[in-house]
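Below is one structure, written out as structure tokens, with a few remarks after it.
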Amino acid sequence: MSRPDDHERVPPARGGSISARARAAASPPAIYLEGLNDEQRRAVEATEGPVLVLAGAGTGKTRVLTTRIAHLIATGKARPFEILSVTFTNKAAREMKERIAALIGEVGEGMPWLGTFHSISAKILRRHAELVDLRSDFTILATDDQLRLLKQILQAEGIDEKRWPPRQLAGLIDSWKNRGLGPDKVPPGEAGAFAHGRGGELYALYQQRLKTLNAADFGDLLLECLRLWRENPDILELYQNRFRYMLVDEYQDTNVAQYLWLRLIAQKRKNLACVGDDDQSIYGWRGAEVDNILRFEHDFPGATVVRLERNYRSTGHILSAASHLIAFNEGRLGKTLHTEDEPGEKVTVTGAWDSGEEARAIGEEIEALQANRHALSQIAVLVRVSAQMREIEDRFVQLGLPYRVIGGPRFFERAEIRDALAYLRCVNSPSDDLAFERIVNTPKRGLGDATLQILHNHARAAQVPLMQATRFLVETDELKAKPRNTLRNLMAAFERWSAMRETMPHHELAEVVLEESGYTDMWQKDKSADAHGRLENLKEFVRSMEEFPDLLSFLEHVSLVMERNEADNEDRVSLMTLHAAKGLEFDTVFLPGWEEGLFPNQRALDESGLSGLEEERRLAHVGLTRARRRAKIFFASNRRIHGMWNATVPSRFVDELPEESVEVTEAQAQFGGGFGGGFGGRPGGSRFDQIESFGSSYETPGWQRAQSRKAAGGFSDAGGGGWRGGGGRSGPTVIEGELVARSTGTESTFEPGARVLHMKFGPGTVAAVDGNKLTVEFDKAGRKMVLDSFVERT
DNA sequence: CTATTCTATATATCA
DNA sequence: TATAGAATAG
């Protein structure tokens, strides 16, 4: 993305250089300002001093941001390379570039300082790497490299990985880095929480390792940038002077490190404009500090605050539902969204018997919409946790509904891509130990722990990179004959490839390397389901290299900016998590799983209490405000959690919606009466008779049933194990009826107290019988629910 | 060293 | 229930 920009040496503009003035004069009077409402216009034109734009969902935030940049350039206040513009995702950065280009004509590389915090920091660090003990070709460590490194450190320190998982340490280090804390500044209490007080020490060791590897992890990009500026005031001043204007998108998502970063860089000119929405802060768990936005006026005295409250996206009912809900939060700056759009359809709340029925109902509603010529690409299903996706996907597959999952593992995080990358990193830099380790035995070459250990020992003893140690060792008899030959061949191959670099375009070289190393072969021989897809990914990987001039620039940027390019214009339903949906909008949005425990998520509540709840509520608000014309909420009364069925209760958020904007329906009339019916669950069934509207009230049978269950204490009182209590317990009759209906229908011949033998769990005593399901107290395995066909009488 | 069996674990995710 | 990673057997 960012090639070295050639504007660097142009002397800084002074008020209005001739060219800038000429440009300003040449452009017709501010066409780009047309169509903005008063507030938006104010946000664009308040160029001087600190500005906070509180932009509610759908109020034209991105438009303000891009117009503001266009305005700065068109009026000659700054040239493109004097504007620092920070976003959180590459996607946002890309979109912004496109929109600016559309406004003021092609800027292309002219906005070199528009990017993510990380890419901008990396760019700065590469220029001054030596000042923070790195070389300018340092590698950027992805999460899995980071974990491997930590694991090595834990092993070297003799710390039990079981008791102190590397992941946990990685999480801790991350959270310290998010708060701008170096190893020396870690609060003793927190450092003590890991491995008997060795947390801080391990953090320091990790940082030390990074330096010797000439590597930085994502957190370091920011942290080292901070250190660079703090320790070198002259360099700080350089950047303070260069950036005449600064803009930050999604300010509510900034963490402490990013806040400090901004504060340093904005200290001098103070032309910092932050755009954000405290009601859309949903990343507290990864270090975002809502406080940053709540404190803005305090941190930047004299700040101009502009509120954007006119929503251009959603209809009245949707907006009032979202506003009413979010008003239950206490820690907020307070905005009142309004629209001049018509009220539109009410938000629907639909209760379903279980998650399967919920998925069915969604599928059917989508088919109905489809029959009404609703574009599938304008429909989204937003879930709280990705585990919810499977059942919905299953349903879509059955119905033949085209869908796409948004989010999930990124292209460059896939194993095959990281492997391929590791090969290239080795070709590029023989001292890249992490890359070498990754691929020495991939594909399998018969090199195991033992061999690797020898390499490691020598490398450490001689203070040389692994590859160099290997080159030396294959000429000695330190190694057994077999691994020695294997390694010698591998080293020869790397030498060959390095030589080819001179004579061959880098993407062809990549092909050769993957072919000759046997890597492509490995996947071709693999006959698992996803092997084909992996080969496709590898092809795409090689193809994507063509977009870069050479291997070096490719490597330098993949870790930060490579994304799966989904040039998919097909008409499909989108399925994603609520988090992934931020910033998107759809005509129709389905919101399944509004149940206590799932949403608001129990874990969020347990770990963060009230602030956790408020973040969950903001997430609900984000979900609702993604919808332009239709928002459809669902909850199920029974859901499987970690494979165990649980009775669930509608989310409190459902109760926080304004009654006048909500319509309550029932997914399946069959169970509406509660008792008696419900046997013989017919799959499919007719399409519309199941979704009955009982008018806009909270008085449908299902609703009341759900409420009474809620009042009765819900699943938490049901013994924790869902239905396992069966016979003995006084669980809701309906549940048992349903359970029997789901089973083969034959009543088990076992009775409580019978001794049985299970093929897996061994001997046990039947505690309860429920249809053909038994609850057995096993002598060894404990209490489990099993099908009677899996045990025999003893 | 590799293949199999076993066991622990399960919010969200950006760079 | 599903999966990833570790222990164990071959």
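We name chains A, B, ... by the order of the sequence lines, and we start the count at 1 in each one. What's counted below: heavy atoms across the whole structure, side chains too, no hydrogens, waters or symmetry copies. Nothing here was measured: the structure is a model prediction, and the numbers come from that model.
With rounding to the nearest 0.5 angstrom, the OG atom of A/Ser281 is 12.5 Å from the NE2 atom of A/His621. From A/Leu223, atom CG reaches atom CG of A/Leu228 across 12.0 Å, with rounding to the nearest 0.5 Å. To the nearest 0.5 Å, atoms NE2 (A/His579) and CZ (A/Arg286) are separated by 8.0 Å.
We find that CE of A/Met644 is positioned 14 Å from C1' of C/dA2, with the value rounded to whole Å. A/Asn601 has its CG atom 13 Å from the P atom of B/dA10, to the nearest Å. What separates CG of A/Asp449 from P of B/dC1 is a distance of 7 Å, to the nearest Å. Distance, A/Glu161 CD to B/dA8 C1': 15 Å, rounded to whole Å. Look at NZ on A/Lys444: it is 10 Å from C1' on B/dC1, rounded to the nearest Å. In this structure, A/Leu222 atom CG and B/dA15 atom C1' are separated by 9 Å, rounded to whole Å. Per the geometry, CH2 belonging to A/Trp261 stands 16 Å off P belonging to B/dA15, to the nearest Å. Between the CD atom of A/Glu391 and the C1' atom of C/dA2 there is a distance of 14 Å, rounded to whole Å.
Between A/Trp594 and A/Phe599, a ring centre-to-centre spacing shorter than 6.0 Å is recorded. For A/His128 and A/Tyr239, the ring centers are positioned less than 6.0 Å apart. Less than 6.0 angstrom separates the ring centroid of A/Tyr283 from the ring centroid of A/Trp285.
At least one side-chain nitrogen or oxygen of A/Lys151 sits closer than 4.0 Å to the OP1 or OP2 atom of C/dA6. Between B/dT2 and A/Asn441, a contact under 4.0 Å exists linking OP1 or OP2 to a side-chain N or O. Proximity of A/Arg148 to the phosphate of C/dG5: no side-chain N or O atom is located under 4.0 Å from OP1 or OP2.
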Close N/O contacts between protein and nucleotides 7-9 of chain C (under 3.5 Å):
unit_1, atom_1, unit_2, atom_2, d
C/dA7, OP1, A/Lys162, NZ, 3.4

Between protein and nucleic acid, restricted to nucleotides 12-14 of chain B and to nitrogen or oxygen atoms under 3.5 Å apart, what atom pairs and distances do you find?
unit_1, atom_1, unit_2, atom_2, d
B/dA12, OP1, A/Ser386, N, 2.9
B/dA12, OP1, A/Ser386, OG, 2.5
B/dA12, O4', A/Arg384, NH2, 3.4
B/dA12, O3', A/Thr577, OG1, 3.4
B/dA12, N3, A/Trp285, NE1, 3.1
B/dA12, N3, A/Arg384, NH2, 3.2
B/dT13, OP1, A/Thr577, OG1, 2.6
B/dC14, OP1, A/Arg410, NH2, 2.5
B/dC14, OP2, A/Arg410, NE, 2.9
B/dC14, OP2, A/Arg410, NH2, 2.6
B/dC14, O5', A/Arg410, NH2, 3.4
B/dC14, O4', A/Arg286, NH1, 3.0
B/dC14, O4', A/Arg286, NH2, 3.4

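A/Glu437 and A/Gln152 share a donor-acceptor pair across their side chains, judged by distance under 3.5 Å alone.
A/Glu250 has a carboxylate O that lies under 4.0 Å from a charged side-chain N of A/Lys582, or vice versa, which qualifies the two as a salt bridge. Ionic pairing of A/Asp432 and A/Arg438 is not present here: no N-O contact between side-chain nitrogen and carboxylate oxygen is shorter than 4.0 angstrom.
Seen from the ring of A/Phe138, A/Arg126 counts as a face-on cation partner, given the 6.0 Å and 45° thresholds.
In terms of heavy atoms, A/Val383 sits closest to A/Leu575 at CG1-CD1, 4.5 Å. Closest approach of A/Ala92 and A/Thr87 over heavy atoms only: CB-CB, 3.9 Å.
Comparing A/Gly219 and A/Gly446 against DNA chain B, the residue whose closest nucleotide sits nearer the 5' end is A/Gly446. Comparing A/Thr116 and A/Leu447 by the nucleotide of DNA chain B whose heavy atom lies nearest to each, the residue mapping closer to the 5' end is A/Leu447.
To the nearest whole angstrom, the two C1' atoms, one in B/dA12 and one in C/dG5, are 23 Å apart.
Looking at heavy-atom distances under 4.0 Å, A/Ala122 makes no contact with the nucleic acid at all. Across all strands shown, A/Thr87 has no heavy atoms under 4.0 Å from either base or sugar-phosphate atoms.
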Go ahead and write out DNA chain B as dot-bracket, 5' to 3': ( ) for pairs within the strand, [ ] for ones crossing earlier pairs, | when the partner sits on another strand, dots for unpaired; Watson-Crick or G-U wobble, both distances under 3.5 Å. ||||||||||.....

